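Input: a single structure, listed below in structure tokens.
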Amino acid sequence: MSVLQNLLRTVVLAWGKTDLSGDSARRGGSSWTPLLAHLLDVAAAAGVLWDRHLPPHIRRRLTLAFGAGSEATARRVVMLLAALHDLGKASDCFLGQWQHGRGNARTKAQATTWEEQARAAGLPLGDDLAHAFYARHEHITAVVLPRLLGCACTECGGTGERHEGLHDAAVLLGGHHGHIPHPETVERARGAAPAAQWGKVHAALAQTVADTIGLDLATVAKVVDPVRPSARIAFLYLVYLADWIASDTEFFRFRTPPTPVTHWWRAALQEADQAVRARRLARWQARPVTWEQMWPDTPLPRAFQADGMRLVPAEGQAMVVVESDTGSGKTRLALWIAHHLARTCGYSGLYMALPTRAAGNQVAEELRKFLRTVLEPGEVQNMALVHGTAQATDLVHQLLDAHQAQGDPLTDLASTVETATCTDDSGLAVLDPWYLRRCLALVAAFGVGTVDQIALAPQGSRHWALRLGALMSKVVIIDEAHAYELFQQNLLGAAVEWLAEGGASLVVLSATLPCSIRDELTAAWRRGLGKTGDEDASQGPIMVIDHHGRLRRGGPLPRSSWDTEAPDQHPPD
């Protein structure tokens, strides 16, 4: 038996999660699951999300940052790093929480039994877990990980150069509970899991995960270089999702030592696939749809809409600004553009932002109709209403009921609204209650909500990278852009810059957009692209900036072509 295999008999006794909720006990399972098992669950979830959830432009950014241009390498490296987010749980201060933290007499007794087994197996627990040097486990991860992956700087106990990429990745993982830690916070965690005590356990965990997913651990230091801001956000976004999915006891069962690690890995891959399918996290695969199929009640686009359709680039991300009167058909044009960009760029969905909750509730009905026609016949996708009182709306209850009708249990909200059904010739929008949790609504493929979800995404609120990562994966539509307060406009500029850098596309709609706001948004978009671009002498109420930063305008000038059309030909906005 190798040294590593012998050490694993001890390492698997470090617990990663305990059954405080009683879910495992109700299934006849264990009262705890090994830390190593949870790390493998997260690695499996990250791999499935890479394959089925992340849009191509996000994978490209991660490939450059974590694979030196090789997607296969980047995928494995990201799986490893995502798994090691909880490495700091192998420490006295964390492992002692089961016995000395919250819990009842039953859980305390289970903790006592576990501790006796762990000490007998040789797990290097300190003598007094109740008074162990305390630090949050994610901050301990930020301290110990660079050394394990090849950094030889003085902070890591060596005499070589500091590997900035490894330290950056470790600090990002140190933020997986919502806030990226300050360097001083990380430094304070240094004494919580000394290498002399826990170093071999940490090394065994890292090596075992790397071996299991088929990655040479020595490769990591050669390829990790997350310099690009959007790559860092995308990485943390994926870590958030993978951890939350792998922590869902509805799909992931507790493992029991001494079951072989290979068995845990096979189970993790199967459960991760089931969870991603059940939560409908696979990215939107937009199919070819004509305008007539999309809007059967207005089978021909108006001249104004047709001009906008012709202006949109055939490939690459874009920013589109549409200025036109209320009722002119801007919303339907924006949805057509979003569908086109999803087809050409592979976006995972779209988010529509409005100035008020009431306006968002109205537009949500239009989006729901849109999804019936553009989704594949029988296809089901999640659609979220994203604002503080969404759960009080009839639409959300209808979507929850529609989700329940697809065979998944409804966990909390109930409604007397008639349940929707999915016909053979149309798609269906539903809402899994999972997306009602904090911050997860924006992860749903389709969403309608308030503009503050965009404006605050780059700000330092908890889990801000989850919001921003979700938006970077989509086409974002900002409606009634003229109606926002000055502070919202300032925040929007920062968000627009982030969206451009992250590869998203943006559609801005307004009836009366001031030139100053248009210019500010245009400048922010180009800053995000890192391009100044050029513009021709074209004019019109529709403006398009392509991925090269080039600007073109088009559409009807002052006297628009729809002024003389019959009112019943006007599509609703």
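The basis for the numbers below is simple: all heavy atoms, side chains too, and nothing from hydrogens, waters or symmetry mates. Keep in mind that this is a model prediction, so the values were computed, not measured.
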Between [X] (side chain) and [Y] (backbone), is there a donor-acceptor pair under 3.5 Å?
{"X": "His463", "Y": "Leu466", "result": "no"}
{"X": "Arg526", "Y": "Thr532", "result": "yes"}
{"X": "Gln305", "Y": "Gly329", "result": "yes"}
{"X": "Ser70", "Y": "Thr73", "result": "yes"}
{"X": "Gln362", "Y": "Ala359", "result": "no"}
{"X": "Ser247", "Y": "Asp243", "result": "yes"}
{"X": "His387", "Y": "Asp452", "result": "no"}
{"X": "Arg372", "Y": "Ser426", "result": "no"}
{"X": "Arg462", "Y": "His179", "result": "no"}
{"X": "Ser473", "Y": "Gly469", "result": "yes"}

Under a 3.5 Å cutoff, is there a donor and acceptor pairing between the side chains of [X] and [Y]?
{"X": "Ser461", "Y": "Arg467", "answer": "yes"}
{"X": "Gln317", "Y": "Ser505", "answer": "no"}
{"X": "Tyr237", "Y": "His53", "answer": "yes"}
{"X": "Arg61", "Y": "Ser230", "answer": "yes"}

For the pair [X] and [Y], find out whether any cationic side-chain nitrogen is under 4.0 Å from an anionic carboxylate oxygen.
{"X": "Arg75", "Y": "Asp51", "value": "yes"}
{"X": "Arg332", "Y": "Asp297", "value": "yes"}
{"X": "Asp273", "Y": "Arg52", "value": "yes"}

With Trp525, which residues qualify under ring pair (Phe, Tyr, Trp, His ring centres under 6.0 Å), at least two apart? none

When you look at CD of Glu365, are more than 12 heavy atoms from neighbouring residues, nucleotides or ligands closer to it than 6.0 Å? yes

